[in-house]
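Treat the numbers as computed from the prediction; the structure is a model and nothing was measured. Every chain is numbered from 1 and lettered A, B, ... according to where its sequence line falls, protein lines coming before strand lines.
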There are 2 protein chains.
Amino acid sequence: MAISDHKSTESKKRTYSISELAAEFDITTRTIRFYEEKGLLNPNRNGQNRIYTPADRTKLRLILRGKRLGLSLEESRDIIDMYAADRDNSDQLQTLINKIREKRAQLQHQLFDIETMIQDLNEAENNLIEAMAKHDQKPTLTEKR
Amino acid sequence: MAISDHKSTESKKRTYSISELAAEFDITTRTIRFYEEKGLLNPNRNGQNRIYTPADRTKLRLILRGKRLGLSLEESRDIIDMYAADRDNSDQLQTLINKIREKRAQLQHQLFDIETMIQDLNEAENNLIEAMAKHDQKPTLTEKR
DNA sequence: TATTACGTTGACGTTAACGTCAACTTGGTG
DNA sequence: CACCAAGTTGACGTTAACGTCAACGTAATA
């Protein structure tokens, strides 16, 4: 993946303002600055104003995806750092690989959890629908799924 | 599912102390009491001591699974309440079904996120391994300047 | 009987992840 | 020029999810 957003044919616009990104991802500018404080972003400056590259935008997307999955900001930073790892330090490379494997195992567990929870919800829904059918005999508009 | 743990042939022991559950799930007793404060559990009492049924234990497991998936305690409580819904109030049943569908849709999104993140990690790992292989062919530069 | 183990209820402290607000710059626009 | 919109940096406030005591009760054990 390598966070560098190969130049596609579209999008002439190569940079973003902070409020553009905030609007696009439906977060506040405060949040974006906060992520910078925490070392997850470090955009260039035009004078004192921040300007964001497509790569910065991709990082933001990774952060928000991580949040949806319950990762802490620090964990997301770890993942982002993986893509920018120093390819000349083999010690660091090894620990990175270990981190990746650990994280992947955790995600696979999470994947299993989600699948069973979806199953549980399906069952619960069916039970409720059944209960409703018994309760009022008139056909409900609620079709299954 | 219906949180009632059908009596299986095993487990003569029908109840648990707070510290037993804490040990089993590797959390503190404070945490368990906190969940009760928040209305996610309400165990019986023996005098002033709490005693937990297998159903309570199952609820705890649901809470912790929810946590792994990034659910808030309130969301987990909603889910738990679904299983104990009042089957005679069809209005409530309908809103429950809606909640379930919403939650399931969210989980399916999350499932997709996880799958792509796992893919990303796979790629990252391969890149790093490749980088290591190249690196190791040159004489290892143990001394840094 | 004294100690130990396990439990209880407050009450206050802590951390992550922002929200809110005040005071300031800076680049256009009528 | 005067003003506004968008940006900036502190600094303090807030909420969720517990941690960390302190002070106490109770049952079994030495």
Side-chain angles (χ1 to χ4, degrees), chain A residues 13-53 56-57 59-81 103 106 110 113, chain B residues 13-53 56-57 59-81 103 106 110 113:
Chain A
K13 187 173 195 184
R14 304 268 72 192
T15 70
Y16 307 85
S17 76
I18 192 169
S19 51
E20 281 176 317
L21 289 185
E24 176 175 357
F25 292 109
D26 196 30
I27 56 183
T28 70
T29 60
R30 174 70 179 92
T31 298
I32 297 181
R33 283 189 213 100
F34 179 73
Y35 293 158
E36 183 176 348
E37 272 183 49
K38 293 296 169 176
L40 291 123
L41 298 172
N42 44 339
N44 299 328
R45 297 283 183 134
N46 179 9
Q48 74 173 351
N49 288 24
R50 295 164 170 85
I51 80 176
Y52 297 86
T53 68
D56 291 325
R57 182 161 160 275
K59 287 185 187 179
L60 233 186
R61 213 200 311 276
L62 289 183
I63 297 168
L64 298 177
R65 187 180 70 181
K67 278 196 57 179
R68 286 198 300 275
L69 300 183
L71 303 198
S72 71
L73 291 185
E74 198 166 339
E75 289 177 305
S76 285
R77 188 183 50 194
D78 285 354
I79 289 189
I80 288 178
D81 288 350
K103 183 59 70 183
Q106 179 190 323
Q110 205 167 338
D113 278 349
Chain B
K13 186 173 195 186
R14 303 268 69 190
T15 71
Y16 307 85
S17 77
I18 192 169
S19 52
E20 280 176 319
L21 289 184
E24 175 176 358
F25 292 110
D26 196 30
I27 57 184
T28 70
T29 60
R30 173 70 179 92
T31 298
I32 297 182
R33 283 190 214 99
F34 178 73
Y35 293 158
E36 183 176 347
E37 272 183 50
K38 293 295 169 175
L40 291 124
L41 299 171
N42 44 339
N44 299 328
R45 299 282 184 135
N46 178 9
Q48 73 172 352
N49 288 24
R50 294 165 171 83
I51 84 175
Y52 297 86
T53 68
D56 291 325
R57 182 162 159 273
K59 287 185 186 179
L60 233 187
R61 211 201 313 274
L62 288 183
I63 297 169
L64 298 177
R65 187 181 69 182
K67 279 196 55 178
R68 287 199 300 275
L69 299 184
L71 303 199
S72 71
L73 293 185
E74 198 166 340
E75 290 177 304
S76 285
R77 188 184 47 192
D78 284 355
I79 289 188
I80 288 178
D81 288 351
K103 183 59 71 185
Q106 179 190 322
Q110 205 167 338
D113 278 349

Side chain of A:Arg50 only, heavy atoms from C-beta on: which candidate in C:dT8, D:dT9, D:dC18 is closest? D:dT9
D:dA17 OP1/OP2 closer than 4.0 Å to side-chain N/O of B:Tyr35: no
What is the separation between atom CZ on A:Phe34 and atom P on D:dT14, rounded to the nearest whole Å? 17 Å
Would you say B:Ser19 reaches C:dG7's phosphate, i.e. side-chain N/O to OP1/OP2 under 4.0 Å? yes
Could you state the CD1-C1' distance from B:Ile63 to D:dA16, rounded to the nearest angstrom? 15 Å
Whether A:Ser17 contacts D:dG7 is assessed here as follows: a side-chain N or O lying under 4.0 Å from the phosphate OP1 or OP2. Is that the case? yes
Side-chain atoms of B:Asn49 come closest, of C:dT8, D:dG7, C:dA17, to C:dT8
I want to verify a distance call: between C:dG7, D:dT8, D:dA6, whose nearest atom is closest to the B:Gln48 side chain? C:dG7
May I ask you to say whether B:Glu37 pairs ionically with B:Arg30, meaning some side-chain N is under 4.0 Å from a carboxylate O? yes
Assess whether side-chain contact (heavy atoms from CB on, under 4.5 Å) is satisfied between A:Gln110 and B:Leu69, documenting all intermediate values. CA-CA 7 Å; A:Gln110 205 167 338; B:Leu69 299 184; 3.4 Å; yes
Heavy-atom nearest nucleotide on DNA chain D for B:Ser72 versus B:Arg30: which residue maps closer to 5'? B:Ser72
Note: A:Tyr52 and A:Ser17 closest approach over all heavy atoms is CD1-C, 4.0 Å
Atom pair distance, as rounded to whole Å: CZ in B:Arg33 and C1' in D:dG19: 12 Å
Report yes if a side-chain nitrogen or oxygen of B:Thr28 is closer than 4.0 Å to either non-bridging phosphate oxygen (OP1 or OP2) of D:dC18; otherwise report no. no
Any sub-3.5 Å donor-acceptor pair from A:Ser19's side-chain atoms to A:Ala22's backbone N or O? no
Rounded distance (Å) that lies between atom P of C:dT26 and atom CD1 of A:Ile51: 17 Å
Does A:Asn44 reach the side chain of A:Thr15, with side-chain heavy atoms less than 4.5 Å apart? no
Would you please confirm or rule out a distance under 4.0 Å between OP1 or OP2 of D:dA17 and any side-chain N or O of B:Thr31? no
Return the value, rounded to whole Å, for the distance between atom CD1 of A:Ile27 and atom P of C:dA17. 14 Å
Whole Å only: how far is the CD atom of B:Glu37 from the P atom of C:dG10? 10 Å
A:Arg45 CZ to D:dT8 P: how many Å, rounded? 6 Å
For D:dC18, does either OP1 or OP2 sit under 4.0 Å from a side-chain N or O belonging to B:Lys38? no
Does C:dC18 have OP1 or OP2 sitting under 4.0 Å from an N or O in the side chain of A:Lys67? yes
Atom pair distance, as rounded to whole Å: CD in A:Glu20 and P in D:dA5: 18 Å
